[in-house]
Every structure is written in C-alpha cells, then in structure tokens.
Amino acid sequence: MTIRRFTAAALILIFATLLTGCNAKPTGEQDTGAIVVGFSQLGSESAWRIGNTASMEAAAKAYGYGLMLDNANQKQEKQISAIRSFIAYQVDVIVFSPIVEKGWDNVLTEAKNAGIPVILTDRMIDTADESLYTAYIGADFLLEGRQAGEYLIKKADTLGKAHMNVVEISGTLNSTPMRERQQGFMQAIAGDPRFTLLESISGDFLRSRGGECMRYLLDKYGAEGIDVIYSHNDAMTLGALDVLDAAGAKPGSDDLIIISVDGEQAAIDALKEGRVNCIVECTPDLGESVMKLVEALSKGEAVPKSVHPEETVFTDFDDLADLPPRGY
Ligand code: AHR
C-alpha cells in the first residue's frame with residue numbers, strides 16, 4: 001500500500017470543515033505524513049457502540065494515526081457518502097462498520113478502483129466479491145447465538161423444565177449480529193421439543209425499542225405466558241427490564257429467564273442482582289486489532305481475511321464477584 005503523504009493535519013481539517021453535515025470529527029495525531037484512517041461508524045445506538053467508538057479513537061491515537069471519524073446515525077446512505085468522502089480525500093485505509101449487510105458493492109468498488117484498502121469492523125457485508133474488502137475484524141455472531149441457546153438448554157436441564165415458551169427481541173433487521181445471533185440460537189435449540197418460539201420482534205438494538213417490544217409482548221402473552229426472553233443486546237434487555245419491573249414481573253427468576261448479549265456494566269450489574277440469567281459477551285474493544293491491521297497494511301504485509309476476538313459467557317451459574325469493571 002502506498003501511504004499518501006498528505007499533510008494529515010490539513011486533510012483532517014478540510015474533512016471536518018466540509019463534512020460537518022456528516023458529524024465528521026477529526027481526532028488523533030496530526031503530524032505531517034501520518035497515516036490517515038477514515039472510519040465510518042454506524043451510529044451511537046448503545047453503550048456497546050459508544051465503547052467501540054472510544055476504542056477506535058484511543059487505538060488510533062496510540063498508533064499515531066489520523067482518524068477521520070464519521071457517525072452515520074443509523075443511516076446506510078450516510079455511511080455510503082462518508083466512504084465516498086474518504087475516497088475523495090485519499091485516506092490510507094477505510095474502516096467501516098456496516099449497519100446492514102447488503103448494498104455496499106458500488107461504493108466498495110469505487111474504493112477498490114481508488115486503491116484504498118477497506119477493513120470491515122464489527123459487522124460483515126453480503127457480497128459475491130470478497131476482493132471488495134481486505135479484512136474483517138469482529139465477533140463470531142453465530143457462535144454467540146449458539147452459546148445463548150446452549151445456556152438455555154443447560155438452564156432448562158437444571159430446572160427440570162418440561163416446556164418453555166421463548167420470545168426473541170432481535171437487533172436491527174438485515175444486520176449480521178441480528179441474523180447470526182438468531183440463526184445460532186435456533187440451531188442450538190433445534191430439535192429440542194421443550195422450546196417453543198412464540199414470536200421474534202425487532203428492537204433495533206435500542207433501549208427504547210426494547211421497552212416497546214416488551215410492552216407489546218407482555219400485552220399479547222402476559223408475563224405468565226412467557227418463560228424465556230432472548231434479547232440480542234443489553235440495551236434492549238435493559239429497556240425490557242424497565243417494563244417487566246413496572247409490570248410486577250420477576251425477570252431472572254426460574255419462571256422468567258433473561259438471556260442477553262454484550263456485557264455492558266449495567267447488564268452485568270443486573271446479572272449480579274439476579275435480574276438477568278445469562279449474558280453472552282460481545283466485546284466493543286476492537287480498536288487495537290483494527291489499528292494493528294492498518295499498521296501491517298502500511299508495511300505491505302499480508303493480513304488475515306477474518307479475525308474474531310476472544311469472548312466469554314457470563315451466567316448465573318458463575319461466581320462473578322471478582323469480575324473487573326467492564327469499562328462501558
Ligand atoms: O454489532 C454489534 C451490536 O451492535 C452490539 O451487540 C449492539 O449492542 C450494537 O448496537
């Protein structure tokens with residue numbers, strides 16, 4: 001890769017001035033000749049996302065890279081226009097977290113034609129042409145879904161349950177974590193006659209929507225009609241807990257199992273309080289791995305096509321007393 005020796009300070013300043021409509025925010029080192037990374041973040045829908053942005057900013061700073069950060073506020077078209085701006089400014093590497101899987105081929109072909117490598121982070125794209133991105137760094141969402149299902153099987157075994165009605169509050173439709181967390185969960189419990197999926201409804205990874213979904217599900221099935229809530233992230237789980245509390249339900253009890261994904265501090269606290277039963281970890285701390293790849297690319301080194309961070313599962317079977325603060 002040719003590192004474009006623009007004056008990073010000038011480049012980032014111009015970008016910030018011209019793209020204020022895209023919430024462009026210049027950060028990082030601004031030395032002449034520094035590597036410049038264009039990062040299109042999909043939004044700020046959850047504590048996870050805010051932690052992920054902070055991780056990218058901290059890592060870019062530590063590596064001495066200029067970071068052009070654009071927050072697309074949950075809009076794919078804003079991500080596409082941010083990527084076009086990164087191409088126009090000839091950044092060295094484009095990093096982006098695609099809000100949904102489809103619809104990226106045109107803009108990524110433009111990046112490829114401009115000779116700018118693209119690193120996908122957090123979420124994947126659906127494309128027939130894998131040459132449109134250089135590498136992917138993010139969670140194994142299918143595994144996360146399976147781990148959620150495996151926990152449920154263990155819990156049902158432990159409680160000796162003959163039958164459990166499950167509702168799912170899913171993430172953003174057509175996004176990788178939504179699709180694969182659902183698929184992995186269903187794979188894990190498939191063929192086990194104890195589980196009936198009553199309904200799956202999307203809460204868009206938002207706390208407010210998680211609450212709305214819960215209200216709808218409670219109205220439809222009643223707390224006594226639901227045995228398990230599988231929520232695709234902590235933000236929605238926390239919204240659902242608010243509604244369950246207000247309704248006098250007993251989340252986290254043997255009769256209302258709560259399974260979540262992420263591991264933000266507020267949800268871990270709820271797990272320790274016995275109001276959540278299981279949290280499958282999804283780490284937002286991807287910045288260091290991303291910048292390591294940028295560094296390798298800048299040296300012309302080969303990089304792996306796909307990297308998954310190590311993650312764990314926190315459950316009510318574990319002693320979490322010594323768990324360090326989560327940091328987000
Ligand atoms: O893509 C990762 C998911 O996006 C996280 O689980 C969720 O909290 C975020 O909004």
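Whatever order the structure lists ligands and atoms in, that order sets their numbers, starting from 1. Everything quoted here is computed from the prediction, not taken from an experiment.
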Handout entry: Residues Ser202 and Asp204: side-chain donor-acceptor under 3.5 angstrom
Key = no
Exercise for the section: Any chance you could pull the hydrophobic cluster mates of Met178, using side-chain heavy atoms under 4.5 angstrom and chaining through other members? Expected result: Leu173
Problem - Min side-chain heavy-atom separation Thr134-Leu297 under 4.5 Å - result: yes
Exercise answer: donor-acceptor pairs, residues 259-267 side-chain atoms, under 3.5 Å, sequence neighbours excluded:
{"unit_1": "Ser260", "atom_1": "OG", "unit_2": "Asp234", "atom_2": "OD1", "d": "2.5"}
{"unit_1": "Ser260", "atom_1": "OG", "unit_2": "Thr237", "atom_2": "OG1", "d": "2.7"}
{"unit_1": "Gln265", "atom_1": "OE1", "unit_2": "Arg326", "atom_2": "N", "d": "2.8"}
{"unit_1": "Gln265", "atom_1": "NE2", "unit_2": "Asp269", "atom_2": "OD1", "d": "2.9"}

Exercise for the section: Can you tell me which residues line ligand 1 if we count any heavy atom under 4.0 angstrom from one of its atoms, in chain and number order? Expected result: Glu45, Ser46, Trp48, Arg49, Asp122, Arg123, Pro177, Arg181, Phe205, Asn233, Asp262
Exercise for the section: May I have all residue pairs that pass salt bridge (charged side-chain N to carboxylate O under 4.0 Å, His left out) and include part of residues 310-324, sequence neighbours excluded? Expected result: Lys155-Asp316
Practice task
Could you tell me if the ring centre of Phe96 sits under 6.0 Å from that of Trp104?
Solution key: yes
